[in-house]
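For this chain, numbers begin at 1 and follow the sequence in order. Since this is a predicted model, take the numbers as computed values, not measurements.
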Amino acid sequence: MRYAQGGGLRPHEQIARERVRMLAAEGFERGRENSAIAKDLRVSVRSVERWKRSWRESGIDGLRCSGPSRRPKVGPEEFAVLEGELLRGTVFHGWPDERWTLSRVRTLTVEKLGVRLSVHAVWDLLRRHGWSCQQPARRAVERDEAAVALGEGDLAVGKATAAALGAWLVFEDEAAVSMTSHRGRTWAPRGTTPVVRFNGGSRGRVTMAALTCYKPGERSRLIYRPRVQGHHRGDHRGFTWQDYRDLIVRAHLQLGAPIVLIWDNLNVHRSAGIREYAAGHDWLTIVQLPTYSPDLNPVEGIWSLLRRAVTVNTVFTDREQLVQAVRSGMRSIQRTPHLIDGCLTGTGLSLTPA
């Protein structure tokens with residue numbers, strides 16, 4: 001039974017070791033030879049002899065594990081110090097990127113605690129204290145957390161307005177899906193890198209504007225409008241404010257209730273035409289999201305679901321096939337309201353106003 005370099009036996013190792021000793025005690029009671037017991041349990045004869053002495057002196061209680069054989073090199077108090085340094089980030093400690101690796105944690109342990117551990121012991125130490133290796137979320141350097149806090153206050157006002165008016169809380173965002181597929185993991189023979197083909201001759205893509213609609217007691221909705229873009233000069237490549245107006249009107253007709261619309265600070269969203277239209281219709285209230293805060297928009301989760309379901313390792317032969325795949329993927333999400341609800345949950349927002 002092995003020892004962790006950062007501490008004594010792990011709990012499951014203690015249980016396994018005690019179980020082996022109990023099996024040895026059964027052999028002692030039946031009068032079996034030490035060599036036969038050692039062979040059956042796959043341990044050394046000297047270990048069996050030591051257990052037998054303990055069994056003769058103290059009985060079964062002498063074979064029970066009393067806990068770790070030695071104090072861990074990094075106890076709870078020492079790890080609390082180490083965790084505080086880890087939470088400061090790698091850049092604070094002089095590394096060029098924001099990535100904690102086992103070797104870097106090992107170096108920090110030597111610098112801050114004066115304790116030298118193996119890489120495996122560092123892995124075991126972090127896992128034992130609730131840390132895990134994760135893929136980080138991306139966040140813009142230009143993001144102003146103070147402005148985001150103020151923007152979240154505006155969101156709270158928007159939720160309160162929606163609750164007071166019996167309105168739908170509607171989030172909007174845009175995205176594009178191109179002929180070049182996103183690469184995803186796939187199984188292949190070891191040492192042979194799989195190759196994913198893609199259509200490099202066509203630069204056509206599909207641009208979409210989507211609305212996720214939420215209201216307490218109602219089924220969540222997804223409303224979208226695609227636009228196929230070509231690669232010829234003069235082709236229309238984006239949505240105008242009239243397109244957004246038509247999409248909002250379409251959502252209002254489908255939902256049959258006032259709308260509190262929440263979207264980002266795109267120039268078209270702040271155009272004079274949109275502002276005048278909102279001022280002339282009392283069923284529409286517009287709230288701007290904070291700058292550089294896509295994590296507060298649940299439609300970002302819709303795009304993630306769409307790309308994982310439709311465009312991962314897919315070879316599109318022409319734009320028509322791309323359009324059909326996108327429409328099929330969006331219809332599939334529309335038919336599963338719990339996915340739309342999950343996108344809202346992923347933002348940390350709720351429908352209940354504070």
Side-chain angles (χ1 to χ4, degrees), residues 168-184 198-214 219-255 259 261-271 273-274 277 284 286 289 294 297-344 346-347:
W168 286 78
L169 205 61
V170 178
F171 293 84
E172 191 277 340
D173 194 40
E174 311 82 24
V177 180
S178 65
M179 298 281 290
T180 304
S181 63
H182 295 269
R183 288 183 298 175
F198 68 95
N199 192 336
S202 175
R203 298 187 298 275
R205 63 178 185 171
V206 178
T207 303
M208 291 173 293
L211 306 173
T212 53
C213 313
Y214 304 96
R219 180 176 63 88
S220 300
R221 310 284 184 86
L222 172 63
I223 302 173
Y224 70 97
R225 171 168 292 182
R227 179 185 295 278
V228 181
Q229 296 185 6
H231 58 274
H232 300 292
R233 181 177 298 178
D235 288 343
H236 188 63
R237 294 182 176 273
F239 288 87
T240 64
W241 75 266
Q242 293 91 343
D243 296 326
Y244 289 116
R245 177 201 60 196
D246 296 342
L247 180 60
I248 296 169
V249 172
R250 174 185 170 188
H252 175 58
L253 295 176
Q254 289 190 17
L255 300 175
I259 290 175
L261 179 64
I262 302 174
W263 56 13
D264 56 25
N265 292 274
L266 191 68
N267 290 336
V268 183
H269 295 168
R270 295 181 290 131
S271 64
I274 289 291
Y277 184 81
L284 177 60
I286 296 180
L289 281 170
N297 195 336
V299 186
E300 294 286 346
I302 298 295
W303 304 140
S304 179
L305 291 172
L306 178 66
R307 293 189 175 100
R308 287 202 301 262
V310 175
T311 66
V312 174
N313 294 355
T314 303
V315 182
F316 297 106
T317 57
D318 52 34
R319 280 185 296 171
E320 291 301 323
Q321 185 182 9
L322 174 64
V323 172
Q324 292 177 4
V326 168
R327 289 183 180 275
S328 176
M330 294 296 281
R331 284 196 296 266
S332 177
I333 299 174
Q334 282 180 324
R335 292 192 292 266
T336 50
H338 69 275
L339 291 179
I340 308 174
D341 293 334
C343 294
L344 179 65
T347 64

Can you name the closest pair of heavy atoms from [X] and [Y] and give their distance?
| X | Y | value |
| --- | --- | --- |
| Ala176 | Arg307 | O-NH2, 3.4 Å |
| Pro337 | Ser220 | CB-O, 4.1 Å |
| Val206 | Val323 | CG2-CG2, 3.6 Å |
| Cys343 | Pro298 | CB-O, 3.3 Å |

Using modelled atom types and a 3.5 Å cut-off, is there a donor and acceptor pairing between side-chain atoms of [X] and backbone atoms of [Y]?
| X | Y | value |
| --- | --- | --- |
| Tyr214 | Phe171 | no |
| Asp243 | Thr240 | yes |
| Arg227 | Thr207 | no |
| Asp264 | Pro294 | no |
| Ser271 | Val268 | yes |

Reference residue Val170; test side chain to side chain contact (heavy atoms under 4.5 Å, CB included); the match among Ile262, Leu255, Ile223: Leu255
Name of the residue among Leu211, Val299, Leu339, Ile302 meeting side chain to side chain contact (heavy atoms under 4.5 Å, CB included) with Leu222: Ile302
Side-chain donor-acceptor contact under 3.5 Å, Asp173 with Trp263: no
Hey, could you give me the [atom1]/[atom2] distance between [X] and [Y], rounded to the nearest 0.5 Å?
| X | Y | atom1 | atom2 | result |
| --- | --- | --- | --- | --- |
| Leu247 | Leu261 | CG | CG | 9.0 Å |
| Ile259 | Glu172 | CD1 | CD | 12.0 Å |
| Cys213 | Ile340 | SG | CD1 | 8.5 Å |

Plane angle bin for Phe239 and Tyr244 - parallel if under 30°, tilted between 30 and 60°, otherwise perpendicular: tilted
Qualifying residues under ring pair (Phe, Tyr, Trp, His ring centres under 6.0 Å), relative to Tyr224, sequence neighbours excluded: none
Close side-chain approach of Thr212 and Arg221, heavy atoms under 4.5 Å: no
Validation row: Leu284, His252 side chains within 4.5 angstrom (heavy atoms): no
Crowding at CZ, Arg245 (>12 non-hydrogen neighbours, <6.0 Å): yes
Pairing residues for Gln324 by the side-chain contact (heavy atoms from CB on, under 4.5 Å) criterion, not counting sequence neighbours: none
Side chain to side chain donor-acceptor pair (under 3.5 Å) pairs, two or more places apart, involving residues 331-340: none
